[in-house]
There are 2 protein chains.
Amino acid sequence: MLRSEHIPRATIKRLALYVQVLETLKREGAEVISSELLAKACDVNPSQIRKDLAYFGGFGVRGVGYYVQELITSIKQSLGVDRIWRAALVGVGNLGKALLRHQEFRRRGFHIVGIFDCDPFKIGEEIGGIEVICSKRLPEKAGELGVEIGLITTPPERAQRAANYLIEAGIKGIVNFAPARIAAPEHVCVEYVDFFHHLYNVAFNITLGQSQR
Amino acid sequence: MLRSEHIPRATIKRLALYVQVLETLKREGAEVISSELLAKACDVNPSQIRKDLAYFGGFGVRGVGYYVQELITSIKQSLGVDRIWRAALVGVGNLGKALLRHQEFRRRGFHIVGIFDCDPFKIGEEIGGIEVICSKRLPEKAGELGVEIGLITTPPERAQRAANYLIEAGIKGIVNFAPARIAAPEHVCVEYVDFFHHLYNVAFNITLGQSQR
DNA sequence: AAGGGATTGTTAAAAAAATCACATAGGCGT
DNA sequence: ACGCCTATGTGATTTTTTTAACAATCCCTT
């Protein structure tokens with residue numbers, strides 16, 4: 001059993017993908033799926049899938065495959081997303097507002113319970129029943145609200161400051177949507193969402209990548 | 001010289017990161033930078049950077065480092081983002097609207113010149129001076145507008161249909177913001193932007209990943 | 001209850017990517 | 001003009017990740 005080994009970062013990334021595809025398959029009525037079929041749907045190698053899943057346990061049944069619902073539950077458990085996560089959003093710009101309106105967050109178990117901005121004109125405004133609070137008060141408020149994850153949607157030049165407030169608040173995970181790197185202590189997990197990385201990738205592939213992949 | 005070899009996918013990803021960090025450094029007044037310092041700012045290995053850059057040419061000066069502005073220009077050229085790319089956006093929801101308002105797209109050379117949706121109530125509406133057109137007319141309009149890249153911001157269940165229209169329109173690159181996989185022919189490059197992959201990553205790291213990284 | 005068929009879990013091999021180490025070469029001071 | 005200093009570019013090495021192959025095992029039919 002592989003369970004106790006070090007789990008590759010790439011595996012974690014793929015598990016999130018598997019959940020997405022499995023939920024689609026479930027909606028379509030599938031109850032059981034083989035690694036081969038799931039692989040096709042995810043556009044990866046079947047061995048890859050079996051290996052990824054084996055890190056967390058033997059979820060499959062030999063000769064049969066994986067029970068879809070059971071697998072979804074197991075992966076979510078393994079990832080730690082089988083519960084509600086309370087998040088704070090910092091930066092009420094276009095993107096911030098769009099994310100706040102995005103029903104998918106709640107549906108997936110990420111509840112935005114605090115909204116912060118440093119613009120005095122935005123402070124006090126209500127969005128989806130939550131009042132926008134001054135970013136400076138983040139450290140004090142975050143504990144109160146039980147926030148564990150921070151979402152940064154500020155302009156790039158203010159991303160680091162937002163991060164500092166979140167770190168000061170004792171938050172352990174940050175998803176940064178601003179196109180800027182941020183410094184954080186070892187124990188804080190920072191993930192970057194950057195559209196432009198993807199756009200650049202596409203542009204490159206169109207331009208010269210014809211032969212690749 | 002490595003130039004003619006196959007370029008790793010991971011390298012392309014990092015080049016986009018380098019551009020981001022270099023532009024910040026430029027704003028801060030840096031004119032020259034060593035691979036070591038750039039590495040620190042990007043949180044990667046210095047050799048990695050030198051090797052990545054060497055795939056595209058000898059941009060550096062031995063004993064000195066890399067000239068920041070020159071390097072930015074060179075990388076952008078290598079990636080094919082040293083020009084304007086015309087894009088179409090399909091799906092005028094919260095996220096779509098936020099992206100349309102996002103100034104960064106234009107600043108980085110991605111001009112959204114067509115907006116499409118299948119909702120009759122949205123068709124005809126004007127956003128930023130561009131009229132929303134029925135998705136069905138995408139194939140005919142895309143050529144007319146000179147669109148090369150498609151951005152999908154529909155709900156997940158409509159992502160494939162949006163993709164089909166884009167493919168029919170002869171588009172060669174798609175950035176899909178909808179949480180759904182899409183099928184596309186070999187010659188069409190598809191990139192996925194999925195916040196939840198990142199959120200899941202953070203959740204996992206907080207839950208059990210303490211020992212990792 | 002026993003054997004056949006199918007698909008997993010896992011070990012071994014291959015491929016890819018990251019890192020190291022150093023020779024190479026440009027700039028700058030003398 | 002010469003040599004030193006420094007940081008690049010690149011071949012060799014290590015590590016990581018992916019893919020292939022197959023033995024183990026579970027269900028299902030007879």
Side-chain angles (χ1 to χ4, degrees), chain A residues 1-18 22 25 30-68 70-72 74-75 78 201 209 211-213, chain B residues 1-18 22 25 30-68 70-72 74-75 78 201 209 211-213:
Chain A
M1 190 66 74
L2 299 162
R3 246 166 290 197
S4 56
E5 282 178 45
H6 174 271
I7 291 154
R9 176 156 285 255
T11 291
I12 303 302
K13 239 189 150 106
R14 279 190 299 267
L15 288 180
L17 166 62
Y18 301 159
L22 284 165
L25 289 166
E31 291 185 359
V32 185
I33 190 150
S34 67
S35 60
E36 195 179 331
L37 251 50
L38 181 55
K40 209 159 283 174
C42 297
D43 206 22
V44 301
N45 183 295
S47 293
Q48 186 84 266
I49 292 193
R50 295 201 295 276
K51 186 157 240 195
D52 285 341
L53 296 178
Y55 281 114
F56 294 93
F59 299 142
V61 181
R62 293 175 197 226
V64 177
Y66 301 88
Y67 292 99
V68 175
E70 195 185 303
L71 186 54
I72 292 173
S74 301
I75 297 178
S78 304
N201 245 308
S211 58
Q212 309 213 358
R213 227 221 84 133
Chain B
M1 191 65 74
L2 299 163
R3 246 167 289 199
S4 56
E5 280 177 48
H6 175 270
I7 291 155
R9 176 156 284 255
T11 291
I12 303 302
K13 236 186 152 108
R14 279 191 299 268
L15 288 179
L17 167 62
Y18 301 159
L22 285 165
L25 289 166
E31 292 187 356
V32 184
I33 190 150
S34 67
S35 60
E36 196 179 331
L37 250 51
L38 180 56
K40 208 158 285 176
C42 297
D43 206 21
V44 301
N45 183 293
S47 294
Q48 185 84 267
I49 292 193
R50 295 201 295 275
K51 191 157 244 191
D52 285 341
L53 296 177
Y55 281 114
F56 294 94
F59 300 142
V61 181
R62 292 179 197 225
V64 177
Y66 300 89
Y67 291 99
V68 176
E70 194 185 305
L71 185 55
I72 292 172
S74 300
I75 296 178
S78 303
N201 244 306
S211 59
Q212 309 214 1
R213 223 221 87 127

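In what follows, chains are A, B, ... by sequence order, proteins preceding strands, each numbered from 1.
Separating the CZ atom of A:Phe56 from the C1' atom of C:dT8 is a distance of 18 Å, rounded to the nearest angstrom. To the nearest angstrom, C1' of D:dA7 lies 13 Å from CG of B:Leu38. Between the CG atom of B:Leu37 and the C1' atom of D:dT6 there is a distance of 14 Å, given to the nearest Å. Taking atom CG of residue B:Leu15 and atom P of nucleotide C:dA17, one finds them 14 Å apart after rounding to whole Å. As a whole-Å value, the separation of B:Asn45 CG from C:dA21 C1' is 12 Å. Between the C1' atom of C:dT7 and the CZ atom of A:Phe59 lies a distance of 17 Å, rounded to the nearest Å. When the P atom of C:dA17 is taken as reference, atom CD1 of B:Ile49 falls 18 Å away, rounded to whole Å. Note: CG (A:Leu71) to P (C:dT8) measures 11 Å, nearest angstrom.
For B:Ser35, a side-chain nitrogen or oxygen approaches OP1 or OP2 of D:dT8 to under 4.0 Å. Contact annotation: A:Gln48 side-chain N/O to D:dT17 OP1/OP2 distance is not under 4.0 Å. The side chain of A:Tyr66 contributes an N or O atom lying less than 4.0 Å from OP1 or OP2 of C:dG9.
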Stepwise side chain to side chain contact (heavy atoms under 4.5 Å, CB included) check, B:Ile12 with B:Tyr55: CA-CA 10 Å; B:Ile12 303 302; B:Tyr55 281 114; over 6 Å; no

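The side chain of A:Ala10 has D:dT18 as its nearest neighbour among D:dT18, C:dT19, C:dT8. Closest contact between the side chain of A:Ala54 and the listed nucleotides D:dA20, C:dT10, D:dT17 involves C:dT10. Checking D:dT18, C:dC20, C:dT8 against the side-chain heavy atoms of A:Arg50 singles out C:dT8 as nearest. Looking at the side chain of A:Ser34, the nearest of the listed nucleotides C:dT8, C:dA17, D:dT18 is C:dT8.
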Please list, pair by pair, any protein nitrogen or oxygen found under 3.5 Å from a nitrogen or oxygen in nucleotides 25-28 of chain C.
none

Name the pairs: protein N/O against N/O of nucleotides 12-14 of chain C, kept only if under 3.5 Å.
residue : atom : partner : partner atom : Å
C:dA12  : N6   : A:Lys51 : NZ           : 3.4

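Rounding to the nearest 0.5 angstrom, the gap separating the CG atom in B:Leu37 from the CD1 atom in B:Ile33 is 5.0 Å. Note: B:Glu70 CD to B:Ile75 CD1 = 11.0 Å, rounded to the nearest 0.5 Å. We find the CG-CG distance between A:Leu38 and A:Leu71 to be 7.0 Å, quoted to the nearest 0.5 Å. Distance check: B:Leu17 CG to B:Leu22 CG gives 9.0 Å after rounding to the nearest 0.5 Å.
Contact detail for B:Val68 and B:Val32: the closest heavy-atom pair is CG2-N, 3.8 Å. Taking each heavy atom of B:Leu15 and B:Leu53 in turn, the nearest pair found is CD2-CD2, 4.0 Å. In terms of heavy atoms, B:Tyr66 sits closest to B:Phe59 at CD2-C, 3.8 Å.
Within the 4.0 angstrom heavy-atom criterion, base atoms lie near B:Ser47.
Each salt bridge (Lys or Arg N to Asp or Glu O under 4.0 Å) pair with one or both residues in residues 52-67 of chain B, not counting sequence neighbours, appears once here: B:Arg14-B:Asp52.
Under the side-chain hydrogen bond (donor to acceptor under 3.5 Å, both in side chains) rule, A:Ser35 has a single partner from A:Lys40, A:Arg50, A:Gln48, which is A:Arg50.
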